[in-house]
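What follows is a short report on a single structure.
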Amino acid sequence: MSDVPLQKLNQRSAVRADIAALEPYVPGEQPQGGKWIKLNTNENPYAPSPAVARAIVNTTSDRTLARYPDPLATVFRMRAARVLEIDPDWIMCGNGSDDLLTILVRTFVGAGEWLRMTWPSYILYRTLAGIQGASFEEYRFHSDWSLGNDFCLDREGLRLALLANPNSPSGTLLSPARVKEIADQISCPLVVDEAYGDFSKTNCIDLVRSNDRIIVTRSLSKSYALAGLRFGFVIAQPHVIEQLHKVKDSYNCDTLSIAAATAAIDDQAWLMMNRNAIIATRSRLTDGMRALGFHAEDSQANFVWCTHPDRPHRQLYESLKQRGILVRYMNYPGWGDGLRISVGTDLEIDQYLSTLSDIMIAQS
Ligand SMILES: *Cc1c(COP(=O)(O)O)cnc(C)c1O
C-alpha cells in the first residue's frame, strides 16, 4: 500500500466502485507502423470503394464542416433502406456497431438488472453490462456451437439478450429459424449482432419485420472495409428506434463518416467483389489449417477459429508474431484456447500458412 501514490488512491475512490472493479476490454493489437501481416482483428484486407474517398473530399468544400451533421444521418438511411428493402424509419446509425450496442444496453437494461449473452462470444458485451451497473449471465454454447434452450429461461430482471451471429470467435451461425425460436421463447428483446452478416449465407433482417423484439445491428467495419471510419446501424421496428434516439448522442455520426458510409453502401458491386474474394480465401485458409492438423471450424464470417489437438496455441501465436504475422490468440478459461485467423488476401494467407508450417516443423 505504502508505495501507491496518494493522488492515485484518491482517484480510485472517486470512481464508481463497479467501474473501478471493471476489467477493461482489450481489443486486438494495432501495431502502428512496421510491416505486419495483420490477421488478428477481422479487418478487410482490401481497400474500401474508391467512391468513399471522393465523398469525403466533397464534404470538405465550402462550409459543410462548419455545420453540425444531420443527427439522423438521413441520406445514409435512405440508401441503406433501398439496399435492405425496408423503410428508413427502421434504421438508426451509430459510431460503429459498438456505439449501437452501448445505446441498446443503456436503453433496455437498468442498474441491477440482467443482460444475457452467450459464451464464448464477443467479450465487449460484459463491459457494456459493467458500465451500466447491470449484471450479466453467459450461456455456454454446446461443443458444436449450437445453443441450448436454457438460453431462453426466465429470470426476474432479465431485460436484454445479445447474440453475435455469426459468432466470434467461432464464425458459426444460428439459422434464422433457430433465432426466431429463441426470440419467441425468451422474455426480453433479442439483439442479433450481425457485424459479420455480409459474409454469411443467411441473416435475420427479415425477422425484424414481423417481430419487434428482434433487433439487428450491422457494421461497416468488416465487410465494407471501413473499420477506421466508425459506422454501423441498427435495424428495428420504428417504435423501438424512437426509444433508441433518446439515448444516443445527438451527433453520434459526423459529416465525414455519414458521407463516406453512404458512398460505401451505394457501391454494392464493390462489396460483393470483396466479399466473394474473402469467402474464396476463407476456404483456402480452412483447408490449409486442416492440412496442418488443426481443427478449423466451418466459418460464415471473415475469420476461422482453429485449434490443434496437441500444439500449444500461445506458442504458435508468439512464433508467428516473431516472424511478422499477427493472429488472435484467445483463451476462454473453462472452454479452452485457440487461434482466430482473419481472412487476408490470398497472398497473405499463403505466406501465413507456409510460415506456420515452417514453425511447426521447427518445433517438432
Ligand atoms: C467487430 C465487431 C463489432 C464492432 O464493430 P464496429 O462497427 O467496428 O464497432 C461488433 N460485434 C462483433 C461481434 C464484432 O466482431
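Just follow the structure's listing: the first ligand is 1, and inside any ligand the first atom is 1. All values derive from a computational prediction rather than experimental measurement.
Figure legend: Arg126 and Phe136 shown without cation-pi pairing, the cationic atom not lying both under 6.0 angstrom from the six-membered ring centre and within 45 degrees of its axis.
The pair Arg284-Asp350 meets the salt-bridge criterion, since a charged nitrogen lies less than 4.0 angstrom from a carboxylate oxygen.
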Between side-chain atoms of residues 71-82 and protein atoms elsewhere (two or more places apart, or another chain), which donor-acceptor pairs fall under 3.5 Å?
residue	atom	partner	partner atom	Å
Thr74	OG1	Asp70	OD2	2.8
Arg77	NE	Leu72	O	2.7
Arg77	NH1	Pro88	O	2.7
Arg79	NH1	Asp266	OD2	2.3

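Checked against Trp335 for a ring-ring contact (aromatic ring centres under 6.0 Å, His included), the options Trp145, Trp305, Phe141 give a single hit: Trp145.
In this structure, Arg328 contributes its side chain and Leu339 its backbone to no donor-acceptor pair below 3.5 Å.
Applying the 6.0 Å contact sphere to CZ of Arg213 captures more than 12 heavy atoms from other residues, nucleotides or ligands.
If you look at ligand 1, the protein residues with a non-hydrogen atom under 4.0 Å away are Gly96, Ser97, Asp98, Tyr122, Asp193, Ala195, Tyr196, Ser219, Ser221, Lys222, Arg230.
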